[in-house]
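Here the structure comes first, spelled out in structure tokens, and everything after it is commentary.
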Amino acid sequence: MSEQVSNMFDTILVLDFGSQYSHLITRRLREFNVYAEMLPCTQKISELGWKPTGVILSGGPYSVYEEGAPHVDRAIFDLNVPILGICYGLQELAWIDGKHVGRGEKREYGPSTLNVIDKENPLFKDVDHSTVWMSHGDKLHGLPKDYVTVATSDNSPYCGIAHKTLPVYGIQFHPEVTHSTHGKTLLKNFAVNICRAKQNWTMENFVDTEIQRIRKLVGPTAEVIGAVSGGVDSTVASKLMKEAIGDRFHAILVDNGVLRLNEAENVKKTLVDGLGINLTVVDASDEFLDKLKGVTDPEKKRKIIGNTFIHVFEREAAKIKPKDGKEIEFLLQGTLYPDVIESISFKGPSQTIKTHHNVGGLLEDMKLKLIEPLRELFKDEVRHLGELLGIPHDLVWRHPFPGPGIAIRVLGEVTREQVEIARKADHIYITEIRKAGLYNKISQAFAALLPVKSVGVMGDQRTYEQVIALRAIETTDFMTADWYPFEHDFLKRVALRIVNEVDGVARVTYDITSKPPATVEWE
Ligand code: GLN
């Protein structure tokens, strides 16, 4: 257990009661360089394996007085560290010490103004009269035993409470959402001033501790394999492995025939020549495209690509013979923190980590142990880490690309010819986006090939060719997204280039549907 990140940095434990905002608490703390980890509210403190510097109880959709409502392990009070309850967390504190919680006369959702009564209270330093975000239907009907009121709002007489002698606090509002204008200050007051957590969570520090951790985990001789895709996560994870264990890490890029234009070559150049990673590129495009012949159903395409990937990867991995004469022992996976959070939600059946279905299969078949150096990090932290590790800027800020690749951007049957058309169109589109300086303003952009024929005229000749649909979206979380409002001239330029330069395309359209009701990808 000692090699856990939470043992290497002062760590605030966020116990999640299921609020949609819970992960933001962790985010905010890390923004001012305090490390925080979120675990389900049912976490037994005796099974933690590390000592938190402070504990935050999140909001949640339940009512504390309901039968079956989740409750915190009382052992948090024996840790002798500061505790902050947020919304449900506040109600939980009040429930434990007097049960003064019930339904409010009216639900309170939206902004309210904070009125600090105890101006000396360290939690509320510099936050008086600020706007705070409310989202609750229950409220405190009285103070729990040994607590005092330290802040109020119009509708919440117990908007902020504090224990008389212990560093235990509760607040009715959500400081983690940006609508609470001084929420971050309040969280900082708690973590830095009250918990005295060190503000040393930086990627500079993380690199060093992570490299040590990987070395310890892998040991002096064992070897590791991992798939790379050309995306930021697998590249950062690979570079970290390279730094930790050198050539005992083997990266494999499977060219599945549905990668972007010149992708395999480009990845090779960047990873091998640029980053010194021990990489094998496997051209399995015929194998994938053969299996995709005649298949039009998107789900089937995904399954075929996933299964063929496992097959090819296993075959290639078997060719790698570790120097110690033993078998490869570990499989690298670029799991990020949001996946971890999602999979440990206390509503789920257990704390098993969700593995990508490809990886799940590999672990079983090959008896590999999983190594996940990014599992504590949010996406922007991974990008920061990537820059620190010297990964080229364009790769670090690359748009996401789906596993089944261009196969789900060629609607209908996937053939080499169709992939070629989609690829070329996509390349022109992305090149123009970069030239216009828009790449980083857009969250994801690509061209999809629609297998419908449309009439056109070129050089006095009637043409009858297919349609390219361009998509570009802006989003912060990919849960909802809006289409990007390009200038007319930009669209005109891209359409002209695609029809002129890509054989087989007679028409270009721009997708102006948001998500929902549409999805980002077309299949
Ligand atoms: N479910 C509780 C309420 O309605 C807590 C809400 C929350 O934590 N956001 O008051």
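As a basis for the values below, the full set of heavy atoms in this structure was taken, side chains included, without hydrogen atoms, waters or symmetry mates. Here, residue 1 is the first one in the sequence, and each next residue gets the next number.
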Going by side-chain contact (heavy atoms from CB on, under 4.5 Å), name the residues that satisfy it together with [X], two or more places apart in sequence or in a different chain.
{"X": "L253", "value": "V228, A264, V267, L279, V281"}
{"X": "D10", "value": "T53, A197, K198"}
{"X": "T463", "value": "M458, E465, A506"}
{"X": "N33", "value": "Q199, T202"}

If a pair satisfies salt bridge (Lys or Arg N to Asp or Glu O under 4.0 Å) and one of its residues is in residues 230-241, list it, with sequence neighbours excluded.
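Sorted pair list: D233-K379, K239-E243.
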
Mind jotting down which residue pairs meet the ring-ring contact (aromatic ring centres under 6.0 Å, His included) criterion with at least one end in residues 414-449? Sequence neighbours excluded, please.
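Listed once each, the pairs are H399-Y439.
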
Quick one: side-chain hydrogen bond (donor to acceptor under 3.5 Å, both in side chains) partners of [X], sequence neighbours excluded?
{"X": "K184", "result": "E31"}
{"X": "S22", "result": "D16, S58"}
{"X": "D489", "result": "none"}

Please list all pairs passing the side chain to side chain donor-acceptor pair (under 3.5 Å) test where one or both residues lie in residues 259-269, with sequence neighbours left out.
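Residue pairs with at least one partner in residues 259-269: E263-R398.
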
Which residue pairs pass the side chain to side chain donor-acceptor pair (under 3.5 Å) test when at least one of the two sits in residues 441-450, sequence neighbours left out?
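Found Q444-E521.
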
For D286, which residues count as a salt bridge (Lys or Arg N to Asp or Glu O under 4.0 Å) partner, sequence neighbours excluded?
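Listed in chain order: R416.
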
